[in-house]
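Working notes for the structure below.
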Amino acid sequence: MVSTTATVRRVGAGERQIPSEELVVGDIVTLSVGDTVPADCKLLESRDLRIAQGALTGESMPVRKDAAALLAAGDRDTALTDAACLVFMGTTVISGSALAVVIATGRSALFGGLSRAFQWQRPRTRFERGMNSTSWMLMAFTAVTVPVSMLVTGIAGGDWLQALLFGVSVAVGLTPEMLPLIVTVCLSRGARTMASGKAIVRRLDAIEALGGMDVLCVDKTGTLTSGVIKLDRAQSMSGLNSSYVLHAAWLTTLIPHTTSNPWDDAIVAAEGDSANDTGDVQVEGGTPFDPIRRRATVIVAKSHHRADREHTGGSDISETSGAGAGTSGNVSRIMVVKGAVSEMLPRCDTVMRNGTAEPLTDRLRGTYERLMADKATHGYRVLLVAQRSVTDQTTVQDDRALTLLGYLTFLDLPKPDAADTIAHMHNAGITVTMLTGDEPQVARTVARKVGINARRVVTGRTLDDMTDTALGTELRRVNVFAKLTPEHKARIVSLLRREGHCVGYMGDGVNDLPAMHASEIAISASTGSEAVRQSADVMLTHKNLDVLLRGITQSRRTCVNMMKYIKLALSSNFGNIISVMIAGAFLPFVPMAPVQMVLLNLIYDLACLAIPWDRVDGDVLRSPPGGTRRLSPGS
């Protein structure tokens, strides 16, 4: 379920998915949004392709790749990763699509060479640091105790050989030999139990981090909400239902070789039978929606004019109206843009009302902003639709001076059990924080319905003006952040960790990758993109917070049982050895033979193997083990 695959085209076999390790040089692979590039490849075809190369170069922003670009010959100052026609293993497709031929795999790839040269290790978790500090403490105590016990026994009894054996047995008695075994059995049993509860652990030490988590950062769509997006209405800016606004939005879903999203799926479903009839439409260029642009742009040529009328009022807002369309004979060429309100309004100069394109004045902008804010307050996600005429020189980057046609309203209702699950998480000492790219009003409405504190919502634009110190103060009282970019999410997660919290992040899209890497425990669903699944420490086979809550409870049970052994073993060993040492200082003989001490220690440790199956009181599971400092759920 967590294996990585690649979509490959082979002669006689067509297009199919195979394990990435089966790729060979010469294979033709297809890449789309969310894919991890499985090998070093030369692009054959590309469409608005942007790649995140941070794993190789450390670049924070995605870079554009183009199959039409040429390799620079003889330029020693140009890095190989700067070649626009090459993509490299381990990088992630952020937007667009491509067809590429494999030129290097495995250790022959650039990433493979770097991994040989630099064996990167993940930073140690708090569990590992705690185990190391315990081990060093035991070593230091043993280094002092053993020589003292040898001297005392040798001076008291005069038999230095017996004193040496006694010192060795003291060292053995102080050491919890079964610690690695008990910890591994506890973690393994916890992982199996969590897997049966639909939560797969990819790293055993992630169980401790999951149990110690006191802040959970989540996205809104699909996590707190059902993720089943339904188109409520397609309306003109006059407030009338409009089939042409729906048709124009549908044109933006025709950008080829891109991963579908729920908004486009809802539009296609609403378009109905017309969505299957694309014979009169030719896509000449397009850029799909991504979290940075927050809009989708397409240029299409149509072999006939479509003149739909609004369902109510009958006013014509077709592409032949004042919205404008470049025409050549019986073909019309238009650019259609669909996106978030904040991105679209600044790009529109006119608005279509009652069949006429009117100037979009500041007064109208304010009216429309208030209208869209009111829609968002009632839980609707709103996308604006606009278009403009184009010429042969127009590119998808020229998506300005648009004519606003109308808007789409979508519904994504909260999951029925989300409020109860979040209440249980609060009772378990976990603060749930919403980090979303959606509008503030929509985020606030959903947060209130599921029980997240939404008295104040902070947007990404506000974050840009805040220092880390000021943002750290805000994190103590704000639990909802909206209109965030991937970099904003990562910054919030990093600051929460800096404040001393054990932070988990649950995501499923490529826009969540920076935050997942910044978190202590990365959580994903099995339906997430390949790059996200590879980055996850815990993967849920069913995307539901209730599944995660059960996994957290089981991980805490595992951690408590591990601590039971550590506390029992240390107290027992220290008590036994110190009492024997004190007795040896006053008795003329060794109070316990070395073989007896070793045998007693062995029998005790074997009995401790039952600890992983021990029960844990419910009261102990109500807070993260270890007294982790956490935010107040009601703050």
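We count residues from 1, following the sequence as given.
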For the atom pair [atom1] ([X]) and [atom2] ([Y]), what is the distance rounded to the nearest 0.5 Å?
{"X": "Leu49", "Y": "Ile94", "atom1": "CG", "atom2": "CD1", "answer": "10.0 Å"}
{"X": "Ser524", "Y": "Arg202", "atom1": "OG", "atom2": "CZ", "answer": "9.5 Å"}
{"X": "Leu204", "Y": "Cys186", "atom1": "CG", "atom2": "SG", "answer": "11.5 Å"}
{"X": "Met344", "Y": "Met372", "atom1": "CE", "atom2": "CE", "answer": "11.0 Å"}
{"X": "Thr433", "Y": "Ile452", "atom1": "OG1", "atom2": "CD1", "answer": "7.5 Å"}
{"X": "Leu471", "Y": "His488", "atom1": "CG", "atom2": "NE2", "answer": "10.0 Å"}

Subject >> Full working for side-chain contact (heavy atoms from CB on, under 4.5 Å) between Thr7 and Arg16 >> reply: CA-CA 6 Å; Thr7 304; Arg16 61 193 180 97; over 6 Å; no
Between [X] and [Y], is there a donor-acceptor pair closer than 3.5 Å when you use the side chain of the first and the backbone of the second?
{"X": "Ser108", "Y": "Ala104", "result": "no"}
{"X": "Ser555", "Y": "Ile552", "result": "yes"}
{"X": "Thr473", "Y": "Thr469", "result": "yes"}
{"X": "Thr462", "Y": "Val458", "result": "no"}
{"X": "Arg491", "Y": "Leu463", "result": "yes"}
{"X": "Asp614", "Y": "Ala610", "result": "no"}
{"X": "Arg556", "Y": "Gly211", "result": "yes"}
{"X": "Thr225", "Y": "Pro414", "result": "no"}
{"X": "Asp232", "Y": "Leu411", "result": "no"}
{"X": "Asp40", "Y": "Met89", "result": "yes"}

Original post:
Could you walk me through whether Glu520 and Arg497 pass the side-chain contact (heavy atoms from CB on, under 4.5 Å) check?
Top reply: CA-CA 8 Å; Glu520 190 155 353; Arg497 293 190 65 182; 3.7 Å; yes
Measure across [X] and [Y] and return the closest heavy-atom pair with its distance rounded to 0.1 Å.
{"X": "Leu23", "Y": "Thr105", "value": "O-CG2, 3.9 Å"}
{"X": "Gly197", "Y": "Val547", "value": "O-CG1, 3.4 Å"}
{"X": "Ala454", "Y": "Arg448", "value": "CB-CG, 3.9 Å"}
{"X": "Val442", "Y": "Tyr380", "value": "CG2-O, 3.1 Å"}
{"X": "Gly504", "Y": "Met213", "value": "CA-SD, 3.5 Å"}
{"X": "His426", "Y": "Ile430", "value": "CD2-O, 3.2 Å"}

So do [Y] and [X] actually touch side chain to side chain, heavy atoms under 4.5 Å?
{"X": "Ile267", "Y": "Leu408", "answer": "yes"}
{"X": "Leu495", "Y": "Leu475", "answer": "yes"}
{"X": "Val218", "Y": "Thr436", "answer": "no"}
{"X": "Leu548", "Y": "Met425", "answer": "yes"}
{"X": "Glu15", "Y": "Val8", "answer": "no"}
{"X": "Asp417", "Y": "Lys415", "answer": "yes"}
{"X": "Arg456", "Y": "Arg477", "answer": "yes"}
{"X": "Leu545", "Y": "Leu216", "answer": "yes"}

Original post:
Around Lys564, counting heavy atoms of other residues, nucleotides and ligands shown, do more than 12 lie under 6.0 Å from its NZ?
Top reply: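 Yes, enclosed.
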**OP:** May I ask you to check whether over 12 heavy atoms, not counting those of Trp136, lie within 6.0 Å of atom CH2?
**Re:**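 Atom CH2 in Trp136 is not packed in, count stays at 12 or less.
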Original post:
With sequence neighbours left out, what residues match Phe88 under ring-ring contact (aromatic ring centres under 6.0 Å, His included)?
Top reply: none
Original post:
side-chain contact (heavy atoms from CB on, under 4.5 Å) between Asp468 and Arg498: does it pass, once the steps are laid out?
Top reply: CA-CA 10 Å; Asp468 287 351; Arg498 195 181 303 174; 3.7 Å; yes
Examine the side chains of [X] and [Y] and answer whether a donor and an acceptor come within less than 3.5 Å of each other.
{"X": "Thr558", "Y": "Asn561", "answer": "no"}
{"X": "Lys483", "Y": "Ser342", "answer": "yes"}
{"X": "Thr193", "Y": "Ser196", "answer": "no"}
{"X": "His378", "Y": "Thr445", "answer": "no"}
{"X": "Asp546", "Y": "His424", "answer": "no"}

**OP:** Taking side-chain contact (heavy atoms from CB on, under 4.5 Å) as the test, write out the residues that go with Thr377, two or more places apart.
**Re:** Gln441
**OP:** In sequence, state the C-alpha distance, the side-chain angles, and the governing distance for Leu383 and Phe410, and then conclude on side-chain contact (heavy atoms from CB on, under 4.5 Å).
**Re:** CA-CA 8 Å; Leu383 296 179; Phe410 300 86; 3.6 Å; yes
Less than 4.0 angstrom from a charged side-chain N to a carboxylate O is my criterion; do [X] and [Y] meet it?
{"X": "Asp537", "Y": "Arg203", "result": "yes"}
{"X": "Lys338", "Y": "Asp264", "result": "yes"}
{"X": "Glu439", "Y": "Arg294", "result": "yes"}

Original post:
Out of Ile18, Val102, Leu31, which one pairs with Pro38 under the side chain to side chain contact (heavy atoms under 4.5 Å, CB included) rule?
Top reply: Leu31
Subject >> Of Asp219, Asp512, Ile492, the residue whose pairing with Leu435 passes side chain to side chain contact (heavy atoms under 4.5 Å, CB included) >> reply: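 Looking at Asp219, Asp512, Ile492, the match for Leu435 under the side chain to side chain contact (heavy atoms under 4.5 Å, CB included) is Ile492.
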